[in-house]
Structures are given as structure tokens and as C-alpha cells.
A.B. asks: 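I have a structure I would like to understand better, so I am pasting it below and will then ask my questions one at a time.
Below, each value reflects all heavy atoms present in this structure, side chains not excepted, and no hydrogens, waters or symmetry copies.
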Amino acid sequence: MASDYTLKLAELEASSRLRAAQFLVTNRPWLDLYGINVRPVTPYGSLSNRELVDTALINRLPDELLSEIFSKMTSYNLGRAACVCRKWRYTIRNPVFWRYACLRAWQLNGVVENYKILQSVYHGSWKKMWLLRPRVRTDGLYVSRNTYIRAGIAEWKISNPVHIVCYYRYIRFYPSGRFLYKNSSQKLKDAAKHMNFRASRDCVFSGQYTLTEDKVEAALLYPGLSPTVLRIRLRLRGTIEGANNRLDLLSLVTSGINDADVSKCDDDILGIVEGWQEDETHNPDIPAVSHNRGLTPFVFVPFDEVETSVLNLPVDKMDYFVTG
């Protein structure tokens with residue numbers, strides 16, 4: 001009888017332990033997103049050995065194939081993808097992705113110079129170099145919105161009307177050292193269609209630029225009966241670390257150029273205007289003019305936000321604009 005009583009007591013203790021284990025095990029369904037290699041810690045005494053099912057199908061891909069997918073992304077999309085889950089974050093921390101991005105962004109400096117800067121300034125970290133070193137962004141457009149007031153004429157009225165004129169400066173940079181420039185009253189979503197070398201050149205001019213630390217020197221040629229050189233000096237900054245989403249317009253100078261140098265502008269226009277003074281011109285018929293209006297800072301707009309940007313709003317809905 002004692003043995004039967006002991007056996008029943010052991011069965012009761014085992015059943016109570018099983019019922020208690022259901023409350024000790026915490027249900028964490030978000031752990032399934034980390035893949036089948038991650039297991040939650042089971043409390044002591046729990047007999048649950050249920051296998052987790054990975055609900056994210058992309059995490060079932062091999063690491064080699066996942067890395068190949070990430071290699072096709074832009075650097076800013078890689079930063080967004082690193083916020084999805086822990087596995088993606090560890091995969092994107094591979095320095096191969098950031099080395100390719102850095103060498104492409106600063107290809108004008110050359111591979112050897114970039115490696116010297118990497119070791120001397122950024123302690124061998126490609127990702128740190130990408131975040132902290134100033135660079136122009138090539139995945140969108142820099143837009144400067146400018147307005148001025150023009151007085152109108154009205155007959156048989158005491159007061160004359162006043163018109164608010166709005167126009168934009170657009171700049172698109174390329175890693176090769178070339179850029180496109182457009183000065184127009186077109187909205188951002190309309191002007192972006194023409195800001196490439198394959199589209200019809202609707203008042204879009206190409207030039208060359210150089211980047212020295214956070215200073216951008218750019219120049220382009222306005223063709224015509226009296227060719228004119230436009231020289232632009234910019235300062236690069238960002239609203240947050242690594243953004244590089246603002247360009248302060250330091251100076252905007254137009255000056256004449258002689259006929260002998262016009263044919264050389266396509267190859268090296270920066271070499272021609274290098275060393276010119278701000279009031280210097282090489283054509284006596286076209287004086288040098290330093291423009292002191294329309295110097296609103298440039299705001300960067302990625303291509304995927306062109307259609308929804310606030311810069312597309314009309315003047316009556318956006319009477320002022322602070323770039324920050």
C-alpha cells in the first residue's frame with residue numbers, strides 16, 4: 001500500500017510540474033524573426049522542446065545569397081535594412097559593403113589616397129569613414145528654392161499688385177566628378193525627369209566639380225554667342241551625422257571666357273578657371289558679376305521622395321521655406 005501511495009504521489013507531482021511549466025515559459029513570437037539558429041532560454045524545470053518556425057522566408061536564404069542581395073542596394077538602403085532585424089544588422093556590418101561605397105564616393109581621390117585617409121583618420125573602419133567624412137550625395141537632387149517680389153501694373157486702380165516669383169536651382173552630382181545644373185521655375189517632380197544625361201537637355205547644363213574636405217568647387221559653361229562661365233562655391237554639411245543633405249551657397253560668379261578656351265571646357269573647365277579672381281573675366285564684353293541674391297541653401301531630396309516632397313507645393317500653400 002505504501003508503494004502505491006508513493007507512486008501516486010510522484011504522478012501528482014509530475015502533473016503539477018507540467019502545469020506549472022506552461023506558466024513559466026514566456027511566449028516570445030518575435031524571436032522567430034531572428035532565424036532558426038536562435039533559441040529562447042527555457043526556464044528551469046520546463047519540459048517544452050517545441051521547435052520554432054521561422055516566419056520570415058528571406059531569413060531562410062543562405063548567408064552568401066543574402067550578402068549578394070545586400071550588395072545590390074545603395075548605401076542608404078543598407079542603413080535602413082540594418083534596422084530590420086539582428087541577423088541583417090550583423091550581415092551588413094561586413095566591411096566589404098562600406099569599402100565599395102567609400103571607394104565609389106571618393107573615387108576622384110584615388111584608391112591609394114583613400115586607404116591613407118582610412119588608416120590615419122578613421123582607424124581602418126570603412127563604415128566610420130562613410131559616416132564622418134564629408135561627401136556629396138549622388139542618389140538624389142540638391143534643390144535651392146528662391147523667391148522674390150516683383151511689382152505689377154494695374155490700370156484704373158490706386159494700388160498696384162505684387163507678384164511673388166519662385167524659382168529653383170537644381171544640382172545633381174555624379175561620382176565621376178561631373179554634375180548637372182538647372183535653373184528653372186519648374187517644380188521638383190517635373191525638373192527631376194530631365195536631370196540626367198540620357199534625357200533631352202531642356203536648359204540643363206553639365207560641368208565639373210571637386211570636393212576638398214567640406215568645400216565644393218564647381219564650374220560650367222553657358223554656351224551661346226557670348227559664352228559665359230558659371231563658378232559655384234559650396235560648403236557641405238548635414239542636419240545629422242552622415243546626412244550630407246545641405247549645401248550652403250558661398251558664392252555664385254558669372255564671367256566671360258575667350259574663344260580659345262571655349263573648346264577646352266569640355267575636357268577640363270576647372271583647370272581653366274583655377275586661380276581666377278572673383279572679379280576676373282577673360283572677355284571684355286562680358287564683365288564678371290558676383291550674384292548676391294538667390295543664395296538660399298540647397299536641400300537634398302532623394303529620388304524616391306521627389307514626388308512627395310514639400311518643395312512641390314505652390315507659393316500660396318508655402319509662402320516661406322526654412323532649409324535648416
Side-chain angles (χ1 to χ4, degrees), residues 74 76 105 134-148 164-211 214-224 228-239 243-254 265-266 269-270 273 289-315 317-318 320-324:
T74 62
Y76 288 90
R135 70 187 182 282
V136 292
R137 296 184 58 172
T138 59
D139 58 329
L141 300 177
Y142 286 94
V143 186
S144 173
R145 183 182 185 272
N146 301 275
T147 57
Y148 65 91
I164 299 179
V165 181
C166 179
Y167 67 97
Y168 303 86
R169 303 183 193 273
Y170 299 101
I171 294 181
R172 179 182 180 182
F173 292 100
Y174 288 86
S176 60
R178 303 180 66 187
F179 76 99
L180 294 177
Y181 177 83
K182 182 180 177 66
N183 191 1
S184 172
S185 60
Q186 287 183 326
K187 299 297 183 181
L188 173 60
K189 59 183 178 181
D190 299 323
K193 303 174 183 177
H194 305 283
M195 295 297 292
N196 60 78
F197 287 100
R198 296 185 300 271
S200 60
R201 307 300 291 274
D202 183 18
C203 297
V204 179
F205 304 95
S206 63
Q208 299 174 353
Y209 75 93
T210 58
L211 175 64
D214 61 341
K215 300 297 190 299
V216 180
E217 298 282 345
L220 60 89
L221 176 68
Y222 281 130
T228 305
V229 173
L230 176 64
R231 291 175 287 163
I232 310 173
R233 291 180 60 246
L234 305 159
R235 181 176 63 241
L236 189 64
R237 61 182 175 89
T239 53
N244 297 293
N245 54 357
R246 297 291 187 272
L247 278 175
D248 293 327
L249 194 51
L250 302 180
S251 67
L252 192 68
V253 181
T254 55
C265 288
D266 293 337
I269 187 173
L270 285 175
V273 302
V289 178
S290 179
H291 302 272
N292 54 10
R293 295 184 178 181
L295 302 182
T296 305
F298 286 84
V299 178
F300 183 79
V301 181
F303 286 122
D304 54 355
E305 299 178 9
V306 165
E307 296 291 335
T308 59
S309 175
V310 295
L311 292 171
N312 293 311
L313 295 177
V315 177
K317 295 184 179 180
M318 186 177 169
Y320 66 91
F321 177 66
V322 180
T323 57

A.B. asks: For the OH atom of Y148 and the CZ atom of R293, what is their distance to the nearest 0.5 Å?
C.D. replies: 10.0 Å
A.B. asks: For the pair D248 and R237, find out whether any cationic side-chain nitrogen is under 4.0 Å from an anionic carboxylate oxygen.
C.D. replies: yes
A.B. asks: Can you name the nearest heavy-atom pair linking S185 to Y168, along with the distance?
C.D. replies: O-CE1, 4.0 Å
A.B. asks: In Å, rounded to the nearest 0.5 Å, how long is the span from CG of L220 to CD1 of I232?
C.D. replies: 5.5 Å
A.B. asks: Between V136 and L211, what is the shortest heavy-atom contact and its length?
C.D. replies: N-CD2, 4.1 Å
A.B. asks: If you look at every heavy atom in M195 and L141, which pair is closest and at what distance?
C.D. replies: CB-CD2, 3.9 Å
A.B. asks: To the closest 0.5 Å, what do you measure between CG (L188) and CG (N312)?
C.D. replies: 5.0 Å
A.B. asks: Using a 6.0 Å distance limit plus a 45 degree cone around the ring axis, check whether R178 lies over the aromatic ring of F173.
C.D. replies: no
A.B. asks: Given side chains that start at C-beta, do those of L221 and T228 come closer than 4.5 Å, heavy atoms only?
C.D. replies: no
A.B. asks: Quick check for you: to the nearest 0.5 Å, what is the distance between Q186 atom CD and K193 atom NZ?
C.D. replies: 9.5 Å
A.B. asks: Should R231 and S251 be marked as a side chain to side chain contact (heavy atoms under 4.5 Å, CB included) after you check the CA-CA gap, both sets of side-chain angles, and the distance that decides it?
C.D. replies: CA-CA 8 Å; R231 291 175 287 163; S251 67; over 6 Å; no
A.B. asks: Is the shortest heavy-atom distance from the side chain of L247 to the side chain of L236 under 4.5 Å?
C.D. replies: yes
A.B. asks: In Å and rounded to the nearest 0.5 Å, what is the CZ to OG1 distance from F303 to T74?
C.D. replies: 11.5 Å
A.B. asks: Working to the nearest 0.5 angstrom, can you tell me the gap between N244 CG and T138 OG1?
C.D. replies: 11.0 Å
A.B. asks: Under a 3.5 Å threshold, yes or no: a donor from one side chain and an acceptor from the other, between R137 and Y76?
C.D. replies: yes
A.B. asks: Answer with yes or no after comparing the ring centroid distance for F298 and Y170 against a 6.0 Å cut-off, counting only values under it.
C.D. replies: no
A.B. asks: What's the verdict on side chain to side chain contact (heavy atoms under 4.5 Å, CB included) for V299 and R145, showing C-alpha distance, side-chain angles and the deciding distance?
C.D. replies: CA-CA 9 Å; V299 178; R145 183 182 185 272; over 6 Å; no
A.B. asks: Could you please spell out the steps behind the side chain to side chain contact (heavy atoms under 4.5 Å, CB included) verdict for I171 and L180?
C.D. replies: CA-CA 6 Å; I171 294 181; L180 294 177; over 6 Å; no
A.B. asks: Verify whether one side chain among Y181 and R169 offers a donor that lies under 3.5 Å from an acceptor in the other.
C.D. replies: yes
A.B. asks: Would you confirm whether K189, through its side chain, and T308, through its main-chain N or O, come within 3.5 Å as a donor-acceptor pair?
C.D. replies: no
A.B. asks: Of all the heavy-atom pairs spanning F197 and S206, show the shortest one and how long it is.
C.D. replies: CE2-CB, 3.9 Å
A.B. asks: So, Y222 versus F205, ring centres under 6.0 angstrom or not?
C.D. replies: yes
A.B. asks: For a quick test of reading the model, state the closest non-hydrogen atom pair linking R172 to N196 and the distance between them.
C.D. replies: NH1-CB, 3.4 Å
A.B. asks: Grab the two heavy atoms, one from L252 and one from L230, that are nearest each other, plus how far apart they are.
C.D. replies: CD1-CD1, 3.6 Å
A.B. asks: Run the side chain to side chain contact (heavy atoms under 4.5 Å, CB included) check on T239 and R246 step by step: do they pass?
C.D. replies: CA-CA 7 Å; T239 53; R246 297 291 187 272; 3.8 Å; yes
A.B. asks: Kindly say whether P302 contributes a backbone atom to a donor-acceptor pair with the side chain of D139 at under 3.5 angstrom?
C.D. replies: no
A.B. asks: Any donor-acceptor pair under 3.5 Å linking the side-chain atoms of T296 with those of N146?
C.D. replies: yes
A.B. asks: Should T254 and H291 count as side-chain neighbours, where that means a heavy-atom distance under 4.5 Å?
C.D. replies: yes
